[in-house]
> 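Here it is: the structure, laid out below.
These numbers come from a predicted model, not from an experiment.
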Amino acid sequence: MNPLKIKHYDYLIALSAYFVTSLIVLGQILLSPGTVGFFHDWYIGPYHEMNELWAKSGLYKWDSQIGNKSYDTDWLFKLIFLPLSVLGGEVLSKGLLILIITFSGFGAFCLARRLNLSWYVAFATGILYIFSPIIFTRIVAGHLYYLIAYLLAPLIVNNFLKGKEENNNRYFIIAGLFLSIAVVQLQFLVMIFFILIIFLLIDFQRIKKGIIGLLIIFSVTFLITFSPVLLPQFLVNMSEVPFNVNQLFTYRALASASDIATSFRMLGYEAQPYSYLNLGTGRDLLESNTGILPSWIFYLDFVIPIAGFSVLFFRRDKYTISLAIISLVGLFLLKGLNPIFPEVFAYLFTHGFYMFREIWHLAFLYGFAITFMIAFFIQWIVQLKIKPVLRMVVSISLICMIVVANAYPLLLGNFAGYLQAYEFPIEFHTLYDKISSDANNNVLILPFVNPIRYDNLTLKGLDPFVLYTPTMIFP
């Protein structure tokens, strides 16, 4: 019997199970006709011409509406996206959601196996990585760039650890290629670098190989993505930044950062109505959501930090210590200007961390680390010298508790009403082709209201006609 084939078979089973999970989570929206979006930052248009126009924009420094623009770090993603644009908005939007959820779980599964967790625990890790407030809020907001980076992050860490432990530079190159795509959400460059540095420093026995690996990974990333961005920065002084960074302290997404007790439980993003803390309250946009989250959820979610940090009582090795440091740093940053040590955060923020803008971007650091700490705790449970049935009951019960506490809105099947699909009348496609075909005439679409809500939609969003009409007078 070939053990390699068995191993691949196990991975295939896990991938298939995560695919089925994605269909269950997205079931209601997948069955709704039309393109997903028309809310917040969703950018996928209903027509393939719109998506082709968006994908091609990554290849040029000039935009027909805004003129010269800053260099886009998403050009590689748009280049990959370009041949897929022919599929149309409905297939693209729904297909991307399936891909994001499926490979988020599978990436976490691969990393868990690299951390020497059993197949059962590794599979549970992928489930926990999927059922997260990060997945819920980012899908609702249409932050597909963030989600692409989120699914790639475990694969990057996995290949870094594999290259370091097996002394094989090929895996560092693979990690660099993944990171070249993940920097589509620029903040992940900093967060992944921090994660890799912590794993490198704690495993001091392989520190030389780890340093070589970091150099390879980030050299590949910079060569592919960042040379046009990085080189000009040496010519820019901090005094030339065209705004006062202290002004950003008043930005709502920073000013409303959750305190440390709330951040411990993966709650936050209070600037948005679909935050777990806002769902069903007066700050929720949808009256139908009243009482959508039972009060006991906000007590049950204490199990997340308890289970995660409890593993340190039983296991303190290079993996758990690294994850604990990452989670604590992520937790400190996630609380923003709230106690403790708000002055330290203010200093970091004004000296470069303002690139994160929304503090909820940093939820990845804590969410990533606490997920794998919980996985190690579950591994400890399944290795207890008790009856196998009891081990299984306890571990499954814990997994279910965390999934319910961490992702109750995802389990509802409709994303609490904040994810919608839309269709335009057939005549709209003919109209779009007409107004987009003549580059010599400017177009003004009236009424010019952006964001706008059409009569057959629950939520308002950015009109694709305005976004993807090249000759539109007002961008």
> Do Y47 and D433 have side-chain heavy atoms sitting under 4.5 Å apart?
no
> In terms of relative ring orientation, are F77 and W54 parallel, tilted or perpendicular, with 30° and 60° separating the classes?
perpendicular
> Hey, are the side chains of L111 and L155 touching, using non-hydrogen atoms and a 4.5 Å cut-off?
no
> Give the intermediate values and the outcome of side-chain hydrogen bond (donor to acceptor under 3.5 Å, both in side chains) for residues Y422 and N456.
CA-CA 8 Å; Y422 67 98; N456 60 336; over 6 Å; no
> When the ring planes of F106 and F109 are compared, do they come out parallel, tilted or perpendicular, using 30° and 60° as the limits?
parallel
> Look only at the side chain of Q187 and the backbone of H361, and say whether a donor-acceptor pair between them is shorter than 3.5 Å.
no
> Less than 3.5 Å apart, any donor N or O on the side chain of H143 or Q185 sitting next to an acceptor on the other?
no
> Measuring from L323:CG to I195:CD1, what's the distance to the nearest 0.5 Å?
9.0 Å
> Assess the pair F372 and Y319: is the distance between their ring centroids shorter than 6.0 Å?
no
> Given side chains that start at C-beta, do those of L334 and I359 come closer than 4.5 Å, heavy atoms only?
yes
> Can the ring centroids of F178 and F160 be said to lie less than 6.0 angstrom from one another?
no
> What do you reckon, are the aromatic ring centroids of F415 and Y274 less than 6.0 Å apart?
no
> Just checking F38 against Y454, ring centres under 6.0 Å apart?
yes
> Verify the distance criterion only: is there a donor paired with an acceptor across the side chains of T262 and D259 at less than 3.5 Å?
yes
> Going by the angle between their ring planes, with limits at 30° and 60°, are F364 and F368 parallel, tilted or perpendicular?
tilted
> Mind checking whether Y408 and W296 have parallel, tilted or perpendicular rings, split at 30° and 60°?
perpendicular
> Could you tell me which non-hydrogen atom of L30 sits nearest to which non-hydrogen atom of K94, and how far apart they are?
O-NZ, 3.2 Å
> Return the minimal non-hydrogen interatomic distance between A421 and L457, and the atom names on each side.
O-CD2, 4.0 Å
> Would you say N51's side chain and G45's backbone share a donor-acceptor pair under 3.5 angstrom?
yes
> Would you mind reporting whether F309 and L328 have side-chain heavy atoms less than 4.5 Å apart?
yes
> Can you name the nearest heavy-atom pair linking E270 to S258, along with the distance?
OE2-OG, 3.1 Å
> Would you compute the distance between atom CG of L96 and atom CG of L92 and round it to the nearest 0.5 angstrom?
6.5 Å
> Under 3.5 Å, is there a donor-acceptor pair between the S93 and T35 side chains?
no
> Is F424 close to F465 at the side-chain level, that is, under 4.5 Å between some pair of heavy atoms?
yes
> Looking only at atom types and distance, does a side-chain atom of S22 sit under 3.5 Å from a main-chain N or O of F19, one as donor and one as acceptor?
yes
> For the residue pair L76 and V184, establish whether any side-chain heavy-atom pair is separated by less than 4.5 Å.
no
> Taking S275 for its side chain and Q272 for its backbone only, find out whether a donor-acceptor pair lies under 3.5 Å.
no
> What is the minimum heavy-atom distance between Q379 and V121, and which atoms define it?
OE1-CG2, 3.3 Å
> Looking at A175 and N159, what are the two nearest heavy atoms and their distance?
CB-CB, 3.8 Å
> When the aromatic ring centroids of Y18 and F123 are compared, is their separation below 6.0 Å?
yes
> I'd like to know if the side chain of Y432 and the backbone of Y468 have a donor-acceptor N/O pair within less than 3.5 Å.
yes
> Where do Y418 and D284 land on the side-chain hydrogen bond (donor to acceptor under 3.5 Å, both in side chains) test, with the steps shown first?
CA-CA 10 Å; Y418 278 97; D284 194 325; 2.4 Å; yes
> Determine whether a donor-acceptor pair (N or O, by modelled atom type, separation under 3.5 Å) exists between the side chain of D463 and the backbone of I452.
no
> Any donor and acceptor pair, going by atom type alone, linking the side chain of K335 with main-chain N or O of I340 inside 3.5 Å?
yes
> So which heavy atom on A405 is nearest to which on I297, and how close?
O-CG2, 4.1 Å
> Is there side-chain contact between D301 and N406, with at least one heavy-atom pair below 4.5 Å?
no
> Side-chain contact, heavy-atom cut-off 4.5 Å: L333 with V329?
yes
> For L82, is there any backbone N or O sitting under 3.5 Å from a side-chain donor or acceptor partner on S85?
yes
> Between W42 and L144 (side chain of the first, backbone of the second, donor and acceptor by atom type, cut-off under 3.5 Å), is there such a pair?
no
> When the aromatic ring centroids of Y146 and F188 are compared, is their separation below 6.0 Å?
yes
> Enter the distance from L179:CG to T225:OG1 here, rounded to the nearest 0.5 Å.
7.5 Å
> Give a yes or no answer on whether the side chain of R138 reaches the backbone of G142 with a donor-acceptor pair at less than 3.5 Å.
no
